[in-house]
There are 2 protein chains.
Amino acid sequence: MERSSTPPGGGSRREATRQKLYEAAVTLIAEQGFSATTVDEIAERAGVAKGTVYYNFASKSVLFEELLRHGVELLTDSLREAAERTERDGGTKVDALDAMIRAGLVFISRYPAFTQLYVAELWRTNRAWQSTLMVVRQQAVAVIEDVLREAVASGELSDEIDIPLTAAAMVGMVLVAALDWQSFQPERSLDDVHSALSRLLQGRVGGNR
Amino acid sequence: MERSSTPPGGGSRREATRQKLYEAAVTLIAEQGFSATTVDEIAERAGVAKGTVYYNFASKSVLFEELLRHGVELLTDSLREAAERTERDGGTKVDALDAMIRAGLVFISRYPAFTQLYVAELWRTNRAWQSTLMVVRQQAVAVIEDVLREAVASGELSDEIDIPLTAAAMVGMVLVAALDWQSFQPERSLDDVHSALSRLLQGRVGGNR
DNA sequence: GTTTTTGCACTGACCAGTCAGTTCAAAAAG
DNA sequence: CTTTTTGAACTGACTGGTCAGTGCAAAAAC
């Protein structure tokens with residue numbers, strides 16, 4: 001049983017296998033959806049035997065759930081980090097929001113398949129991993145809501161804004177713009193996309209009254 | 001042997017069956033996804049035999065494609081109508097955008113399942129109905145882009161805005177805010193949600209510079 | 001006005017194929 | 001030696017699609 005020497009990452013052998021399975025699963029499920037993706041396909045794409053999948057994960061859906069948790073954790077960390085960095089650098093709260101938008105775009109362009117898959121599952125009901133999804137969603141949205149709340153507290157934003165709705169709208173703005181960017185005009189630069197969204201957020205589109 | 005005579009409802013018997021199948025399919029697929037939804041389930045929910053599904057549609061995916069076409073047509077008409085009505089009433093282009101946001105919200109609250117399903121499929125690749133989806137997406141986005149373009153032409157909006165990206169961002173804003181509204185705080189009124197989004201569009205959130 | 005025919009719309013049992021998950025002996029890796 | 005992986009065979013439930021047959025109301029025939 002050939003094995004490709006020591007995995008570059010440094011983790012245990014098992015962890016490396018898990019990672020390969022995540023990567024295989026995420027692209028396949030993003031393309032085809034969870035149900036249409038077979039365990040055989042995942043194993044093949046990852047270059048392991050089917051038995052290995054079941055040695056590492058209890059079931060197909062457990063693999064998927066852990067994938068979701070893993071991915072959203074990356075996103076949440078990245079958003080939080082962006083906000084904190086801005087804070088340290090003496091930026092305003094609005095600057096922090098802007099930095100989070102950029103961080104969101106960076107994340108989506110780095111992990112487009114994960115994003116796709118997440119969006120496709122988020123608003124479904126009656127699925128096994130529904131609760132996992134809710135928890136994980138709340139973690140990510142909370143980061144944005146926190147910054148919005150601070151911005152209101154500091155008087156930077158009007159206290160008339162609706163925090164959860166505004167957060168959701170911002171997520172949607174970034175998500176859809178980024179997915180469209182990736183799918184339909186991938187030649188555009190990240191800065192391009194970011195500046196279009198900044199302009200929208202900062203009210204240089206709709207005219208003010 | 002003439003068939004034509006119209007049964008009570010108004011449409012032919014066949015059309016009524018098709019409608020029932022659409023309704024059954026849209027909720028099931030929104031909940032579970034395309035592949036996880038069986039033709040047996042669709043038939044049962046619609047109260048017809050499985051054979052009837054295949055009598056009316058060539059295949060499961062054809063049923064789904066026609067469903068997509070049908071739904072997006074409703075949306076597109078509604079958006080266009082909102083924009084035209086505003087125009088007739090002497091509103092500005094920005095007013096038209098605002099009216100379209102409202103029309104979007106109304107549509108989503110009326111057909112949440114369809115919206116869910118559409119979002120879940122839109123960015124997938126390698127699926128049979130990919131091309132249908134693209135066509136239908138373009139129809140809807142074009143309506144928004146047209147109004148944005150007119151607003152720029154009339155000087156109402158800066159000509160520095162990126163039309164396709166701004167349109168995508170607006171779609172995302174409405175989509176995600178509305179889905180979150182439906183899923184997580186359904187008690188909110190449409191006006192509530194609409195005013196939060198208006199505020200965002202019209203730059204009363206991010207502070208101006 | 002009664003009987004017969006026609007064909008659309010629908011039915012549901014059935015089939016051939018697919019897939020998640022299991023099993024396990026053996027081999028590789030460490 | 002222990003942990004991990006392999007790989008192939010197997011199971012049993014499930015699924016998309018098929019097809020011979022039914023019901024029925026309008027049309028045709030008488």
Side-chain angles (χ1 to χ4, degrees), chain A residues 1-26 28-29 31-67 121 126-129, chain B residues 1-26 28-29 31-67 121 126-129:
Chain A
M1 304 290 144
E2 263 318 307
R3 199 77 320 256
S4 59
S5 71
T6 335
S12 70
R13 185 152 74 107
R14 200 153 182 216
E15 203 44 55
T17 306
R18 276 205 160 92
Q19 191 60 40
K20 280 196 295 182
L21 283 170
Y22 282 151
E23 277 159 29
V26 82
L28 286 167
I29 296 179
E31 280 170 11
Q32 308 175 322
F34 176 82
S35 307
T37 302
T38 70
V39 175
D40 287 297
E41 276 177 315
I42 296 174
E44 193 195 340
R45 170 88 61 113
V48 303
K50 186 179 183 177
T52 305
V53 176
Y54 284 94
Y55 181 76
N56 283 281
F57 297 95
S59 69
K60 185 187 173 188
S61 18
V62 167
L63 162 56
F64 183 58
E65 277 185 72
E66 299 201 4
L67 183 59
E121 293 295 332
N126 300 342
R127 304 231 73 176
W129 49 81
Chain B
M1 241 143 277
E2 260 314 286
R3 180 63 291 132
S4 59
S5 79
T6 29
S12 68
R13 178 148 83 111
R14 199 155 182 214
E15 203 44 55
T17 306
R18 275 204 161 91
Q19 192 60 40
K20 281 195 295 183
L21 285 169
Y22 282 151
E23 276 159 30
V26 83
L28 286 167
I29 297 179
E31 280 170 11
Q32 309 175 321
F34 176 82
S35 306
T37 301
T38 69
V39 175
D40 285 297
E41 278 177 314
I42 296 174
E44 193 194 341
R45 172 87 61 112
V48 301
K50 187 177 188 176
T52 305
V53 176
Y54 286 93
Y55 181 75
N56 283 281
F57 298 96
S59 69
K60 186 185 173 188
S61 20
V62 166
L63 162 56
F64 183 58
E65 278 184 73
E66 299 201 3
L67 185 59
E121 292 297 332
N126 299 342
R127 305 231 75 177
W129 49 80

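Only a predicted model underlies this, so the values are computations on that prediction, with no experimental measurement involved. Just so it is clear: chains get the letters A, B, ... in the order the sequence lines come, proteins before strands, and each one is counted from 1.
Side chain of B:Thr38, nearest nucleotide from C:dA20, D:dT15, C:dT11: D:dT15. Checking C:dT22, D:dT5, C:dT11 against the side-chain heavy atoms of A:Tyr54 singles out C:dT22 as nearest. Considering only side-chain atoms of B:Lys60, the nucleotide from D:dT5, C:dG12, D:dG17 that sits closest is D:dG17.
As a whole-Å value, the separation of A:Phe57 CZ from C:dT22 P is 15 Å. The nearest whole Å value for the distance from the OH atom in A:Tyr55 to the C1' atom in D:dG7 is 16 Å. The CZ atom of A:Arg14 sits 13 Å away from the P atom of D:dT6 (whole-angstrom rounding).
Map B:Thr17 and A:Gly51 each onto its nearest nucleotide of DNA chain C; the residue landing nearer the 5' end is B:Thr17.
A donor-acceptor pair is defined here as one N or O able to donate and one able to accept, closer than 3.5 Å; no such pair exists between the side chain of B:Arg45 and the backbone of B:Ala25. In this structure, A:Glu41 contributes its side chain and A:Thr38 its backbone to a donor-acceptor pair below 3.5 Å.
Cation-pi geometry between A:Lys60 and A:Phe34 is met: the NZ or CZ atom falls under 6.0 Å from the ring centre, inside 45° of the normal.
One finds no side-chain N or O of B:Thr52 lying less than 4.0 angstrom from the OP1 or OP2 phosphate oxygen of C:dA9.
By the 30° and 60° cut-offs, the orientation of the rings of A:Phe64 relative to A:Trp129 is perpendicular.
A donor and an acceptor atom sit less than 3.5 Å apart, one in the side chain of A:Lys50 and one in the base of C:dG21.
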